[in-house]
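We name chains A, B, ... by the order of the sequence lines, and we start the count at 1 in each one.
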Number of protein chains: 2
Amino acid sequence: MTDFSFRLTHTDGMGRSGTITTSRGDIRTPTFMPVGTVGTVKAMYPEQVRETGADILLGNTYHLMLRPGAERVAKLGGLHVFMDWPRPILTDSGGFQVMSLAKLRKLTEKGVTFRSHIDGSAHELTPERSIEIQTLLDSDIIMQLDECIGLPAERREMERAMELSLRWAQRSKDAFGRQPHRALFGIVQGGDDPELRSRSAAGLGSIGFDGYAVGGLAVGEPQETMFRVLDEITPEMPADRPRYLMGVGKPDDILGGIQRGIDMFDCVHPTRAGRHGHAYTRFGVINLKNARHRDDPRPLDEESPNPNCRRFSRAYLHHLVRTEEILGAMVLSQINLSYYQELCRGARAAIEAGALTDYAETTRARWAQGDLPEYQGA
Amino acid sequence: MTDFSFRLTHTDGMGRSGTITTSRGDIRTPTFMPVGTVGTVKAMYPEQVRETGADILLGNTYHLMLRPGAERVAKLGGLHVFMDWPRPILTDSGGFQVMSLAKLRKLTEKGVTFRSHIDGSAHELTPERSIEIQTLLDSDIIMQLDECIGLPAERREMERAMELSLRWAQRSKDAFGRQPHRALFGIVQGGDDPELRSRSAAGLGSIGFDGYAVGGLAVGEPQETMFRVLDEITPEMPADRPRYLMGVGKPDDILGGIQRGIDMFDCVHPTRAGRHGHAYTRFGVINLKNARHRDDPRPLDEESPNPNCRRFSRAYLHHLVRTEEILGAMVLSQINLSYYQELCRGARAAIEAGALTDYAETTRARWAQGDLPEYQGA
């Protein structure tokens, strides 16, 4: 089995491109990881996800530990076999969703106990159990358990959560042991406080991880705050390890993250927005529920490399969204994931050509220009 | 444009195989037509429907006249362009669904007025308007407006509806005029009364249609009644025209229909059952919600020609169904439509080999044997 490794091949300003090698295939960075919440990227076959250009998926430990259960997935051959996705998978630690979804949560030094939001059953998640679950899932990239708090927050609270996360990072590392074909990532916490973020990054660096994530962003703060934290913290994160901005975001957040030295992103936004009738294209976001599309025979974007952007009229997509047809969710999820991959592909090429700033400006200018003018009839 | 035609190539007992030629491609009969209710076969891309072996789809006039509206579909290039299905489409007249879905229905000699079940808007459907709508949709096979009543029913009521349907058949024929690249089908009514059915078939025969449907079955009667009516009526329907059994059915109904000389079938059952967690295979119907599948690593049917029956474990399909994931609806709809096509393909080959009885017996025997024994662990 191939060992996990990261090779940085190009830089352009803070932007980086490279390749993560895993035993299940390479990941071209910067990369966007579609979220396969509970063992499926919603409304997509695995090969359709691959065809958008995705090299790696994210699986949610919280959802999978409840249904179908980590031990069951392991007995069935692991998550890759279970969902028929043979390529790399990153799993989160479960902590974030325990905090956002579970009931009767109780956080202690040891870990967190909670009740399932589905059937009320009692569960415990500790740094050690999270590693165990992710190993049972046969994840390629495992995340430490951390405590992620919302913003704004008091400094004292951010400090407490950051320090707990650091202690959990050490326990995660100990539990993970030596598994060269897998990676363990630490998570930088510290809210929007530069000094706390620095201490977190330094602490994780001395423990030593295969990659470093920035957690605790995209939790309610303005984009400006997120970008400032990234400006401050990415220079302090090891340059020879992948950097992962967790749970981010919209295309503009991703572009900004890439410009600030981030290599990996994940977010439910593209698929969730697709299920709600929103399409991301080079024109920005288009709300297909809007009546302006009702009689519009034009495709979403006739110059898109994605066939689904060219084959269906806006009128048809509007119709699918209005009638709440499953095909609407299928097509728009595919269109959004494709656009996210197109964005990453463009950024990689731009970084390799030393033209990331130009690429970002051109892309943002096209978004700002907005959608095609309203259809005026033939 | 190629004219509509039907060529009967083989018979075996009452069973028949042949080819319907349309300007949009051939239809191998016996054929099952997946239902694309409102401009999409639910949870399937058009090319996925084609890959199951479908030669023709059915579109629902009632749904499409309400949303997005027939005039709008026409302006957008017709239903084939709208939904990106370039092959033949049969549309129903809208009458059946007016009776089952619409509100404040009022039936007169002229037609039926009703209010939309979606927004309460007022509409009228007459034989002439139904033809007009189906022409606007650019349908390849157009159905006459008829009155379809449930069973059991009083003879007087069956007779009244049958005679009204005959008068509407004549008006439909007049409104349709001469359109050689399209077909107009008449509908035999008469409930479960042989004499009424005969009069209906004779009446339609003297008007002259491109094909003949049997309506008013699968409306609550036992299968035995349906088969008896078919036994009585198909011999009285023109042998040189396609025969279409409307809204039928489950695999066993289809097989029985084929054995009684039916060439065409349609039903929402395979896709609806798929969305409800039921899979049709050579083992019969399998309820994937059932806990017996929870830990079962075996595929649905490892000998199936359909990759979806081989690639996913029963445990995974169970999981998708339990978590109500869209992919479950997608996969099971595909599996069911594939099985229906497999059944028709098998019947065609059997008829061509003069072995329809054997084929039907073998197929039914395998269904009766049921699913694989419960998984006992590795």
Starting at [atom1] of [X], measure out to [atom2] of [Y] and round the result to the nearest 0.5 Å.
X	Y	atom1	atom2	value
A:Y45	B:Y45	OH	OH	11.0 Å
A:T40	B:M330	OG1	CE	7.5 Å
B:Q48	A:Q48	CD	CD	5.5 Å
A:T323	B:H63	OG1	NE2	10.5 Å
A:H318	B:R72	NE2	CZ	7.0 Å
A:L76	B:R314	CG	CZ	13.0 Å

Give, as side chain, backbone, both or neither, the part of [X] having an atom under 4.5 angstrom from any heavy atom of chain A.
X	result
B:R294	both
B:Y316	both
B:E324	neither
B:I118	neither
B:V73	neither
B:M44	backbone

Evaluate whether atom [atom1] of [X] has more than 12 neighbouring non-hydrogen atoms of other residues, nucleotides or ligands under 6.0 angstrom away.
X	atom1	value
A:R50	CZ	yes
B:F114	CZ	yes
B:E302	CD	no

message = I'd like to verify something: which residue of A:N308, A:D84, A:D296 has the highest number of heavy-atom pairs under 4.5 Å with chain B?
response =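 Looking at each of A:N308, A:D84, A:D296 in turn, A:D84 comes out on top.
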
task = Please determine, among A:G77, A:A315, A:A329, A:S313, the option with the most heavy-atom pairs under 4.5 Å with chain B.
result =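 Top count of heavy-atom pairs under 4.5 Å with chain B: A:A315.
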
query = Taking side chain as C-beta onward, heavy atoms only, is A:M83 less than 4.5 Å from B:L327?
reply =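 Of all side-chain heavy-atom pairs linking B:L327 with A:M83, none is under 4.5 Å.
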
Plane angle bin for B:H319 and A:F82 - parallel if under 30°, tilted between 30 and 60°, otherwise perpendicular =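 Ring orientation of A:F82 relative to B:H319: tilted.
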
request  = Below 4.5 Å from any heavy atom of chain B, which atoms of A:Q334 appear? Answer side chain, backbone, both or neither.
outcome  =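 Only the side chain of A:Q334 comes within 4.5 Å of chain B.
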
key: Salt bridge flag under 4.0 Å for residues A:E47 and B:R311   =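 The answer is yes: the pair qualifies as a salt bridge.
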
